[in-house]
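A quick write-up on the structure given underneath.
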Amino acid sequence: MIYGLPSLEEVSMWRLKENVDGATFGEAVNMKRLRSLSISMSNLNGFIAHDMFHRWFSGLTSFHVMVNNITPYLPFSDKQISICECYKFPCGIEGLTKHAVSLYLCGSKGLTSLSKFQGDLKSLRHLRDIDCSGVECIIDWREVGDDAFQCLQSLELLDLPNLEKVFDGGAPPPLNTSLQNLRIIRVFNCEKLSSLFSSSMVEQLHQLEELPIRECFQMKEIIGDKLPHNTFPKLHFLRLDRLPELESICSQLFMFISLEEMEVISCPKLKKLPLFCSSIHQIKGKIEGEREWWEGLEWEDEKAKSLCTRIFEAR
């Protein structure tokens, strides 16, 4: 009956617990004026069966499609797909996600990496992966193309107990456009992560601006190996919070040309800050941490220590 109303501009249907006939969604193309769709259901059988439906769907100004949850999750963009508590992902979901700007995964156990989505996520800007116990890595470069996640701006990895690597399979080749727009990476409570980036991976992240890392209890280093030239040229905020095994941000001094604020909280094994004196002058805000940790730091020279002390604030 709803799809027999061709003048509708907005449709919101939550808590659809029963299976919905696929032909019903095939008729959605008759809603020529529809610009906003919000819908929640237990499965997507028939939802994406028709090519004509895809063309119609791509013309929506905003949508939020939620799979397998009875209450709507507050969208963080105008075009969002939310997949919650699925052991196996719905048939054809990869085809639907190609229209999304944001992808939210929560409590899904049947996914070991996000590489399976990459072919249909070229427009994705925001990715949040939370409480997915099966995820072992986010992107395996051996399984994706040269432009995987090229529009991605924010990557949030929250409560992933079996995540061992964010990126696996080496790094993309030169001139690859993958992750070229990534500005924010948040990593919270990923118990098995021991290192965040390889040095070759750092070269892909030249737009990175914010990097908060919290409660990764086995993390020993942020960047492994030697660093490329001009590492993180736009990074302005770095937060290291409750990383009890962290021993090193990286193995050598490097230039933070845009760093404005650094916070170090409960990282008792971190004994050195890899900062050139010239990069310390660029810090417009502060370095924040516990007084006891600060007093136990080891310095390359007294000038660096003096410069940092001026902007240090004890918590």
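If you chain together hydrophobic residues whose side chains sit under 4.5 Å apart, Leu297 and Val264 fall into the same group. Under the 4.5 Å side-chain heavy-atom criterion for ILVMFWY residues, no single connected hydrophobic cluster contains both Leu238 and Ile184. Both Leu259 and Ile311 are members of a single hydrophobic cluster when ILVMFWY side chains are connected at heavy-atom separations under 4.5 Å. Cluster annotation: Leu8 is connected to Ile39 through the hydrophobic network of ILVMFWY side chains, with a link wherever side-chain heavy atoms come within less than 4.5 Å.
The residues Arg142 and Asp168 are annotated as salt-bridged, a charged nitrogen and a carboxylate oxygen being separated by less than 4.0 angstrom. A salt bridge does not link Lys234 with Glu209: every distance from a Lys NZ or Arg NE/NH1/NH2 to an Asp or Glu carboxylate oxygen is 4.0 Å or more. In this structure, Glu136 does not pair ionically with Lys165, as no charged nitrogen and carboxylate oxygen lie closer than 4.0 Å. Remark: Arg183 does not engage Glu210 in a salt bridge, criterion side-chain N to carboxylate O under 4.0 Å.
Every residue two or more places apart in sequence or in another chain that forms a side chain to side chain contact (heavy atoms under 4.5 Å, CB included) with Ser133 is listed here: Lys109, Pro161, Asn162. Annotation: salt bridge (charged side-chain N to carboxylate O under 4.0 Å, His left out) contacts of Glu263 (sequence neighbours excluded): Arg239. Contacts of Lys192 classified as salt bridge (charged side-chain N to carboxylate O under 4.0 Å, His left out), with partners at least two apart in sequence or in another chain: none.
For the pairing with His64, the side-chain hydrogen bond (donor to acceptor under 3.5 Å, both in side chains) check across Ser12, Ser82, Ser102 returns one residue only, Ser82. When each of Leu270, Ile265, Leu211 is paired with Leu240, the side-chain contact (heavy atoms from CB on, under 4.5 Å) condition holds for Leu270 and for no other.
Counting heavy atoms from C-beta outward, Leu205 and Phe232 have side chains that approach closer than 4.5 Å. Looking at heavy atoms from C-beta onward, Ser123 lies out of side-chain contact with Cys151 at the 4.5 angstrom threshold. Residues Ile249 and Lys272 form no side-chain contact, since every pair of their non-hydrogen atoms from C-beta on lies 4.5 Å or further apart. Taking 4.5 Å as the limit, some side-chain heavy atom of Leu243 sits within range of a side-chain heavy atom of Cys267. Taking the side chain as every heavy atom from C-beta outward, Asp159 and Phe188 never approach each other to under 4.5 Å. At a threshold of 4.5 Å between non-hydrogen side-chain atoms, the residues Ile222 and Leu246 count as touching. With a 4.5 Å cut-off on side-chain heavy atoms, Leu152 and Asn181 do not count as touching. The closest side-chain heavy-atom distance from Ser113 to Glu143 is below 4.5 Å.
Put simply, the side chain of Glu221 never gets that close to the backbone of Glu247: no donor and acceptor are under 3.5 Å apart. Here the side chain of Ser258 pairs a donor or acceptor atom with the backbone of Pro233 at under 3.5 angstrom. Side chain of Thr309 to main chain of Lys305: a donor-acceptor pair is present (N/O by atom type, distance under 3.5 Å, no hydrogens or angles).
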*Step by step, would you call Glu215 with Arg242 a salt bridge (charged side-chain N to carboxylate O under 4.0 Å, His left out)?*
CA-CA 5 Å; Glu215 296 178 4; Arg242 282 167 282 182; 2.9 Å; yes
*Intermediate values then yes/no, side chain to side chain contact (heavy atoms under 4.5 Å, CB included), Asp241 and Ile213*: CA-CA 6 Å; Asp241 187 353; Ile213 308 168; over 6 Å; no
*Kindly indicate, with the supporting measurements, whether the criterion side chain to side chain contact (heavy atoms under 4.5 Å, CB included) is fulfilled by Leu208 and Val202.*
CA-CA 9 Å; Leu208 189 66; Val202 168; over 6 Å; no
*Decide side chain to side chain contact (heavy atoms under 4.5 Å, CB included) for Glu288 and Arg315; before the verdict, give the C-alpha distance in whole Å, the side-chain angles of both, and the deciding distance to 0.1 Å.*
CA-CA 7 Å; Glu288 186 175 348; Arg315 290 180 62 89; 2.9 Å; yes
_Using salt bridge (charged side-chain N to carboxylate O under 4.0 Å, His left out), reason through Lys269 and Glu245 one step at a time and then give a plain yes or no._
CA-CA 6 Å; Lys269 294 186 178 182; Glu245 298 300 319; 2.7 Å; yes
*asked:* Between Ser154 and His126, does the side-chain hydrogen bond (donor to acceptor under 3.5 Å, both in side chains) criterion hold? Intermediate values first, please.
replied: CA-CA 5 Å; Ser154 68; His126 309 287; 2.8 Å; yes
*Determine, stepwise, if the pair Asp78 / Thr61 fulfils side chain to side chain contact (heavy atoms under 4.5 Å, CB included).*
CA-CA 7 Å; Asp78 292 332; Thr61 302; over 6 Å; no
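Counting all heavy atoms, side chain and backbone alike, Tyr104 lies closest to Cys84 at CE2-SG, 4.1 Å. Taking all atoms of both residues into account, the shortest heavy-atom contact from Cys250 to Ser248 is O-OG, 2.6 Å. When all heavy atoms of Val101 and Leu124 are compared, the pair lying nearest together is O-CD1, 3.3 Å. Nearest approach of Leu34 to Leu60, heavy atoms of both residues: O-CD2, 3.4 Å. Heavy-atom minimum distance, His99 versus Phe63: O-CZ, 3.4 Å.
For the atom pair Cys106 SG and Met66 CE, the distance stands at 8.5 Å (nearest 0.5 Å). Remark: Leu127 CG to Ile138 CD1 distance equals 7.0 Å, nearest 0.5 Å. Summarising the geometry, atom CG belonging to Leu163 is positioned 11.5 Å from atom OG1 belonging to Thr112; distances are rounded to the nearest 0.5 Å.
The aromatic rings of Trp294 and Trp299 stand perpendicular to each other, their planes meeting at an angle above 60°, with 30° marking the opposite boundary. Relative orientation of the Phe167 and Phe197 rings is parallel, given thresholds of 30° and 60° on the angle between their planes.
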